[in-house]
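Below, all heavy atoms of this structure are taken into account, side chains as well, without hydrogens, waters or symmetry copies. Residue numbers start from 1 in every chain, and the chains themselves are labelled A, B, ... in the order their sequence lines are given, proteins ahead of strands.
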Protein chains: 2
Amino acid sequence: MPTDSATGQSGTNRPGGTNGPGGRRRRGAVLEAAILDAAWDQIREAGVAGFTFDAVASRARTSKPVLYRRWPSRKELLAATLHRQLVVNPLVVPDLGSLRDELARLLREDSEKRFQFIGVFGSLGVVLDGSSVSFAELRRLAIGGSQSTMDAILVRARERGEITVDLPERVAGLPFEMLRGQVLMTQKPLDEESIGSIVDEVFLPLVRAYEHGLDAANEG
Amino acid sequence: MPTDSATGQSGTNRPGGTNGPGGRRRRGAVLEAAILDAAWDQIREAGVAGFTFDAVASRARTSKPVLYRRWPSRKELLAATLHRQLVVNPLVVPDLGSLRDELARLLREDSEKRFQFIGVFGSLGVVLDGSSVSFAELRRLAIGGSQSTMDAILVRARERGEITVDLPERVAGLPFEMLRGQVLMTQKPLDEESIGSIVDEVFLPLVRAYEHGLDAANEG
DNA sequence: GTCATTAGATACTGACTCGTATCTTCAAGG
DNA sequence: CCTTGAAGATACGAGTCAGTATCTAATGAC
């Protein structure tokens with residue numbers, strides 16, 4: 001996780017240098033990662049509006065041309081920034097022995113790692129438009145990351161015998177749509193009470209309903 | 001619903017006039033409403049980023065000073081714009097004879113009337129900060145509007161005997177959190193299939209589960 | 001050590017936006 | 001009809017940002 005890491009002192013041995021930590025001049029992939037992490041810090045603090053090349057360059061202790069050599073415009077930089085956060089921060093949930101615990105853990109992790117991403121997502125449709133890494137691609141990554149982890153959890157639950165029937169797609173994705181809906185409105189990560197409520201008041205009762213077969217009988 | 005209503009021709013009898021429709025000079029409440037409607041059109045088309053005083057003034061066929069006389073800054077204008085849309089566009093669902101039909105209707109209406117609002121909501125936390133009409137107030141209005149209509153529907157369902165037990169708050173709010181979650185990611189209003197799925201695959205099965213009492217047995 | 005590459009600093013243009021000031025012109029009240 | 005208040009046009013200064021150009025200097029390959 002990228003922290004501000006403002007080492008403060010700039011000029012170690014260079015004239016007006018505001019280089020990276022340690023005073024050494026960074027290059028290639030190291031520099032690129034540092035920039036994208038700084039960009040992520042910037043977007044979290046100042047939002048999409050405060051996401052300027054000057055601000056990002058300054059925070060990354062480099063300069064604008066270095067950014068422009070890599071990303072031709074603000075859109076690309078923004079997309080690359082979010083893309084990196086999604087790719088570099090995969091959701092992983094170990095086997096905890098029960099569907100309940102694993103789902104709660106997944107919701108907690110998703111919420112913590114990505115709630116700022118959710119807060120920012122609303123603005124993206126307007127900003128990103130025809131970028132190389134498009135809005136649709138970011139959406140796919142964001143949803144896919146949660147869903148594939150969820151799928152893994154459901155597979156384990158099925159192996160344990162906690163689930164025997166097939167759940168509709170929307171039911172499997174339900175916890176995350178609720179997560180997004182609440183995070184969007186509160187601009188905060190999910191608290192423990194909400195996690196418990198989604199798991200115990202909504203998802204598990206619904207799973208049990210599908211298990212007991214007293215379900216979809218009056219549709220269409 | 002405010003439409004662009006670009007009557008086109010400007011100078012009816014005034015020198016450089018770009019007045020309102022009809023060429024007459026608007027005043028007071030009429031003018032204010034016209035401005036806020038234009039502002040809403042603007043934010044829908046250009047997003048929060050394109051929400052400038054110049055753009056709004058031009059679209060409302062008036063000029064910046066007129067706006068500044070009413071709202072001291074962009075924040076206030078933005079808050080007033082969203083506030084008006086929420087207040088002027090209440091959600092109403094008539095008695096349709098069944099919980100299922102009424103909920104579907106409510107989701108459809110909420111989605112159509114407010115999906116742009118949801119898209120914009122993510123940006124607001126950063127933009128609005130200590131405004132007279134705050135982020136929290138807008139959130140309360142947005143959630144409250146949906147929830148109170150939902151409560152009315154649930155009351156009718158109870159009178160009909162479709163529901164006899166009490167539902168947890170989160171269950172009653174579930175359709176809207178799912179709505180927000182999906183709209184946030186797709187930037188589109190809910191399609192009919194999604195509405196049907198939320199109603200028939202999630203909400204109603206869950207209600208039935210609570211009705212049959214095979215529910216909350218293993219929490220905390 | 002030499003050289004090609006690229007980081008990094010700085011400055012600049014053009015566009016845009018905010019917020020205000022000034023002036024003219026209309027609308028309504030009496 | 002006359003006065004008052006507000007609408008509307010226009011212009012301006014200050015500030016910000018995108019994107020580019022130009023220069024110096026450090027780094028790594030050889």
N/O donor-acceptor pair, side chain A:K64 with base D:dG19, under 3.5 angstrom: yes

Per atom distances to the B:R27 side chain, the nearest of C:dC18, D:dG5, D:dT27 is D:dG5

Check the distance between C:dT10's P and A:D54's CG and give it to me in whole angstrom. 13 Å

What integer distance in Å separates B:W71:CH2 from C:dG19:P? 14 Å

How many Å lie between OH on B:Y68 and C1' on D:dA6, as a whole number? 19 Å

Please tell me if B:R70 has a side-chain N or O lying less than 4.0 Å from either OP1 or OP2 of D:dA7. yes

5'-most by nearest nucleotide on DNA chain C - B:F51 or A:P65: A:P65

Do the side-chain N or O atoms of B:R69 get closer than 4.0 angstrom to the phosphate oxygens (OP1, OP2) of D:dA7? yes

Give a yes-or-no answer on whether the side chains of A:S148 and A:D151 include a donor-acceptor pair shorter than 3.5 Å. no

Contact class for A:S63 vs. all strands (heavy atom < 4.0 Å): base, sugar-phosphate, or nothing? base

So, is B:R26 close to the C:dC26 phosphate, meaning a side-chain N or O under 4.0 Å from OP1 or OP2? no

Output the rounded distance in Å from CG (B:L67) to C1' (C:dG19). 12 Å

Can you tell me the distance, in whole Å, between the CD atom of A:E32 and the P atom of C:dT5? 19 Å

Look at B:R170 together with B:E177 and state whether they make a salt bridge at an N to O cut-off of under 4.0 Å. yes

Do A:R84 and A:E32 meet the salt-bridge criterion of a basic N to acidic O distance under 4.0 Å? no

Closest to the A:R74 side chain: C:dC18, C:dT6, D:dG19? D:dG19

At 4.0 Å (heavy atoms only), tell me whether B:F53 reaches a base, stays on the sugar-phosphate, or touches nothing. sugar-phosphate

Once the angle between the rings of A:F121 and A:F135 is folded into 0 to 90°, is it parallel (under 30°), tilted (30 to 60°) or perpendicular (over 60°)? tilted

Interatomic distance, B:L31 CG vs D:dG5 P [rounded to whole Å]: 18 Å

If the cut-off is 4.0 Å, is A:T62 near the phosphate of C:dG8, judged by side-chain N/O to OP1 or OP2? yes

Keeping B:S111 on the side-chain end and B:L190 on the backbone end, is there a donor-acceptor pair under 3.5 Å? yes

